[in-house]
Amino acid sequence: PVPAHKNGIKHRKGGGLLSLPKPHLSDSPSDLIQYLLITLLCGAVGGLIGGSSGFSLLTAPPLTPPGWVFPIVWTLLYILMAVAAWMIRKNGGENQRPALRLYWVQLLVNALWPLLLFRLSLHFLALLWILLLIGLIVLLFRRFYAVHPPAAFLLIPSLAWCLFASYLNLGFYLLNR
């Protein structure tokens, strides 16, 4: 028998070779579809309440992509987040609940950011809000990593994009006061 360690990686005796355990994911796609739909719905609601009309009126910092890029990137990021949360749900054990609670909190914080930035034009508050979101994503990464490391790695693109978005947010704040 191959002993399992707390991170789920099994170590073979003798050669030190690693073998990853088979994931315990459901054969039914319905759970994944639920996570995708709920997560994408949160993103869509965030986009709708935030609006994009304010974006074209702002003086933009260097490196700002065209407006059509944002919904494409956010959709891909929400898909990755949903798959990560689904993986936690299926592989979670006792640590799954707090990790998923944090997932839903960061999803809500994420959905409210465009409202602050674009609809309400509260650029400084939006900057603080996205910094909060970045902190939540880092914490979520740590929680997901403790439960199922592959799920945590799916959050890295969201973290990278939010860091870039915080640069844009800071630029909007400084250039549109």
Side-chain angles (χ1 to χ4, degrees), residues 2-12 15-47 50 63 65 69-114 116-117 126-170:
V2 179
H5 293 274
K6 66 181 176 182
N7 64 0
I9 296 175
K10 295 181 179 181
H11 298 272
R12 296 189 189 278
L17 298 174
L18 295 175
S19 67
L20 296 175
K22 289 185 180 180
H24 306 292
L25 302 178
S26 170
D27 291 333
S28 167
S30 65
D31 285 345
L32 175 58
I33 291 170
Q34 284 179 334
Y35 272 90
L36 286 167
L37 289 175
I38 293 169
T39 301
L40 288 168
L41 181 64
C42 286
V45 168
L63 305 177
V69 169
F70 292 95
I72 294 169
V73 171
W74 279 112
T75 299
L76 294 173
L77 295 175
Y78 278 118
I79 289 169
L80 289 174
M81 286 188 277
V83 171
W86 172 71
M87 291 171 78
I88 294 301
R89 174 74 176 95
K90 294 301 172 188
N91 292 287
E94 67 186 42
N95 294 326
Q96 130 189 330
R97 278 199 143 124
L100 288 175
R101 263 189 258 148
L102 183 60
Y103 171 75
W104 298 116
V105 168
Q106 75 79 32
L107 198 60
L108 176 64
V109 169
N110 199 331
L112 292 175
W113 175 69
L116 297 172
L117 183 63
L127 178 61
L128 296 177
W129 197 259
I130 199 163
L131 293 175
L132 169 66
L133 177 59
I134 289 167
L136 288 172
I137 294 171
V138 168
L139 184 57
L140 187 63
F141 178 90
R142 292 179 65 196
R143 292 254 176 105
F144 275 23
Y145 190 86
V147 174
H148 187 65
F153 291 118
L154 291 177
L155 300 175
I156 291 174
S158 292
L159 178 60
W161 183 256
C162 285
L163 287 167
F164 177 63
S166 68
Y167 154 75
L168 295 176
N169 194 149
L170 176 62

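Just so it is clear, the values below take in all heavy atoms, side chains as well, and ignore hydrogens, waters and symmetry mates. Along the sequence shown, the residues carry numbers beginning at 1.
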Could you give the distance from [atom1] ([X]) to [atom2] ([Y]), rounded to the nearest 0.5 Å?
X    : Y    : atom1 : atom2 : result
D31  : R89  : CG    : CZ    : 6.5 Å
F141 : L154 : CZ    : CG    : 10.0 Å
L140 : W104 : CG    : CH2   : 11.0 Å
Q106 : I134 : CD    : CD1   : 12.0 Å
N169 : L127 : CG    : CG    : 5.0 Å
L37  : L32  : CG    : CG    : 9.5 Å

Taking only distance into account, with no hydrogens and no angle test, what donor-acceptor pairs under 3.5 Å do side-chain atoms of residues 72-84 form with protein atoms, sequence neighbours excluded?
| residue | atom | partner | partner atom | Å |
| --- | --- | --- | --- | --- |
| T75 | OG1 | P71 | O | 2.6 |
| Y78 | OH | N110 | OD1 | 3.3 |

To check you understand the geometry: which heavy-atom pair defines the closest contact between [X] and [Y], and what is its length?
X    : Y    : answer
A111 : C42  : CB-O, 3.6 Å
L100 : A85  : CD2-O, 3.6 Å
Q96  : V147 : N-CG2, 4.4 Å
I88  : A151 : CD1-CB, 3.7 Å

In short, side chain to side chain donor-acceptor pair (under 3.5 Å) pairs touching residues 36-45 with sequence neighbours left out are T39-Y103

Check whether any side-chain heavy atom of L36 sits under 4.5 Å from a side-chain heavy atom of W86, and report yes or no.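 No, every pair of side-chain atoms sits at 4.5 Å or beyond.
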
Take N95 and R143 through the test side-chain contact (heavy atoms from CB on, under 4.5 Å) and record every step on the way to the result. CA-CA 8 Å; N95 294 326; R143 292 254 176 105; over 6 Å; no

Please tabulate, one pair per line, all N/O donor-acceptor pairs under 3.5 Å involving side-chain atoms of residues 155-166, not counting sequence neighbours.
| residue | atom | partner | partner atom | Å |
| --- | --- | --- | --- | --- |
| S166 | OG | L163 | O | 2.6 |

Which residues satisfy the side-chain contact (heavy atoms from CB on, under 4.5 Å) test with L41, sequence neighbours excluded?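 Once residues adjacent in sequence are excluded, the partners of L41 under the side-chain contact (heavy atoms from CB on, under 4.5 Å) criterion are V45.
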
Excluding sequence neighbours, so at least two apart, what forms side-chain contact (heavy atoms from CB on, under 4.5 Å) with R101?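 By the side-chain contact (heavy atoms from CB on, under 4.5 Å) rule, R101 matches R97, P98.
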
Could you pull out all residues at least two apart from F144 that satisfy ring pair (Phe, Tyr, Trp, His ring centres under 6.0 Å)?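 Expected list: none.
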
May I have the step-by-step check of side-chain contact (heavy atoms from CB on, under 4.5 Å) for W129 and L117, ending in yes or no? CA-CA 9 Å; W129 197 259; L117 183 63; over 6 Å; no

L133 and side chain to side chain contact (heavy atoms under 4.5 Å, CB included): which partner among V138, L108, V109? V109

